[in-house]
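Okay, structure first, notes after.
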Amino acid sequence: MGKQGSLYQRIYALVQRIPTGRVATYGQLARLTGTTPRVVGFALAALPAANDLPWQRVVNSYGMVSRRRDGERDQLQRALLENEGVNFDSRGRIDLSDYSWRFAEDD
DNA sequence: AGGTTGACAAAGG
DNA sequence: GCCTTTGCCAACC
């Protein structure tokens, strides 16, 4: 592994730090880990079905749950978020100005 | 080694 | 604001 762990490990470590009831975008995590948004999505897709990460807290730049190629994971994601108090509007969007995670070194 | 494929994003129309 | 293009880069043939 690299000096600071693999790229995927850095992404996962960051996802782990997103607080309950908050969301981060793929682009935000990409900037913080020095990669591109697509790779963040690819890293999350590589997670096993059962994992310890709050993976549901990662959404796209429009504040929407991104659709998977298969499965009902996106529905589960919305349910989990609503369960922790995140509000979706009639078009299925989250108001990022209210719910986005503000990263700080001392979190 | 080269082409394809994404849980994306920004810019253009 | 929606839809389409373009850039992106790691993974997987």
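Protein chains get the first letters and strands the later ones, always in sequence-line order, with residue 1 at the start of each. Just so it is clear, the model here is predicted, and its values are computed rather than measured.
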Tell me: [atom1] of [X] to [atom2] of [N], nearest whole Å?
X: A:M64; N: C:dG1; atom1: CE; atom2: P; answer: 13 Å
X: A:L29; N: B:dA9; atom1: CG; atom2: C1'; answer: 13 Å
X: A:L44; N: C:dC9; atom1: CG; atom2: P; answer: 18 Å
X: A:L81; N: B:dA7; atom1: CG; atom2: P; answer: 18 Å
X: A:I11; N: C:dA11; atom1: CD1; atom2: C1'; answer: 13 Å
X: A:R91; N: C:dG1; atom1: CZ; atom2: P; answer: 7 Å
X: A:N60; N: B:dA9; atom1: CG; atom2: C1'; answer: 9 Å
X: A:L47; N: B:dG6; atom1: CG; atom2: P; answer: 17 Å

*Of A:V39 and A:Q28, whose nearest nucleotide on DNA chain B comes first from the 5' end?*
A:V39

Which nucleotide wins on minimum distance to the side chain of [X], given the candidates [options]?
X: A:R93; options: B:dA9, C:dA11, C:dC2; result: C:dC2
X: A:Y8; options: C:dC2, B:dA7, C:dA10; result: C:dA10
X: A:S61; options: C:dC2, B:dA10, B:dA7; result: B:dA10
X: A:W55; options: B:dA7, C:dC9, B:dA10; result: B:dA7

*May I ask you to say what A:R73 touches in the nucleic acid, namely base, sugar-phosphate or nothing, with a heavy-atom cut-off under 4.0 Å?*
nothing

Given [N], is OP1 or OP2 found less than 4.0 Å from the side-chain N or O atoms of [X]?
X: A:R31; N: C:dC8; answer: no
X: A:R69; N: B:dG6; answer: yes
X: A:T36; N: C:dC9; answer: no

Could you tell me whether the side chain of [X] and the main chain of [Y] form a donor-acceptor pair under 3.5 Å?
X: A:Q28; Y: A:S100; answer: no
X: A:Q56; Y: A:Q77; answer: no
X: A:R67; Y: A:V65; answer: no

_Residue mapping more 5' on DNA chain C - nearest nucleotide basis, A:F42 or A:P37_ = A:P37

*With a 4.5 Å heavy-atom cut-off, do A:N87 and A:D95 have their side chains touching?*
no

*asked:* Taking CG in A:D89 as the centre, count heavy atoms belonging to other residues, nucleotides or ligands within less than 6.0 Å. Is the count above 12?
replied: yes

